[in-house]
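What follows is a single structure, written as structure tokens, with notes after it.
Residue indices begin at 1 and follow the sequence shown.
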Amino acid sequence: MRLDKFLKISRLIKRRTLAKEVADQGRISINGAKSKAASNVAIGDELTIQFGQKVLTIEVKSLKENVNKNEAASLYEIKKEEPVNQS
């Protein structure tokens, strides 16, 4: 599944166009490698996403084409959530 679609379906990012912009800015990595919106996401992948002032690390648990709002969080598990390092 495409990275931008996974982020939208899992509701980590509300819109697919926004997910594409974030990925194209280099703020998302899959298993440590910078990723674009069209990158493939697989079960077990570790995503690191930089949102403004925090960095979220998640593990992909499931891939589904459609999920309701209540099931969206079951697609991933949060591994780490930390503030952005200010250097």
As an exercise, state the distance from [atom1] of [X] to [atom2] of [Y], rounded to the nearest 0.5 Å.
| X | Y | atom1 | atom2 | answer |
| --- | --- | --- | --- | --- |
| K20 | Q25 | NZ | CD | 10.5 Å |
| T48 | E82 | OG1 | CD | 8.5 Å |
| D4 | E21 | CG | CD | 11.0 Å |
| K69 | R11 | NZ | CZ | 8.0 Å |
| E81 | I49 | CD | CD1 | 10.5 Å |

Look at atom CG of N66 and say whether more than 12 heavy atoms of other residues, nucleotides or ligands are closer to it than 6.0 Å.
no
Ignoring hydrogens and geometry, is there a side-chain-to-backbone donor-acceptor pair from R27 to Q50 under 3.5 Å?
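Flag set: sc R27 to bb Q50 pair under 3.5 Å.
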How close do [X] and [Y] get, counting heavy atoms only, and between which atoms?
| X | Y | value |
| --- | --- | --- |
| K14 | K8 | O-CG, 4.0 Å |
| E71 | S74 | O-OG, 2.5 Å |
| A23 | A37 | CB-N, 3.6 Å |
| L56 | I78 | CD1-CG2, 3.8 Å |

Quick one: which residue pairs count as a side-chain hydrogen bond (donor to acceptor under 3.5 Å, both in side chains) with a foot in residues 33-45, not counting sequence neighbours?
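Every side-chain hydrogen bond (donor to acceptor under 3.5 Å, both in side chains) pair that includes a residue of residues 33-45, provided the two are not neighbours, is N31-D45.
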Answer yes if L47 and V67 sit in the same cluster of Ile, Leu, Val, Met, Phe, Trp and Tyr residues linked by side chain heavy atoms under 4.5 Å apart, and no otherwise.
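Yes, it is one cluster - the side chains of L47 and V67 are joined through contacts under 4.5 Å.
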Applying the 4.5 Å side-chain criterion to the ILVMFWY set and letting contacts propagate, would M1 and L3 be lumped into a single cluster?
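Shared cluster, yes.
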Any side-chain heavy atom of V22 sitting closer than 4.5 Å to one from F51?
no
Only counting residues at least two apart or in another chain, list the ones meeting side chain to side chain contact (heavy atoms under 4.5 Å, CB included) with S10.
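Result, side chain to side chain contact (heavy atoms under 4.5 Å, CB included) vs S10: F6, L12, L75, Y76.
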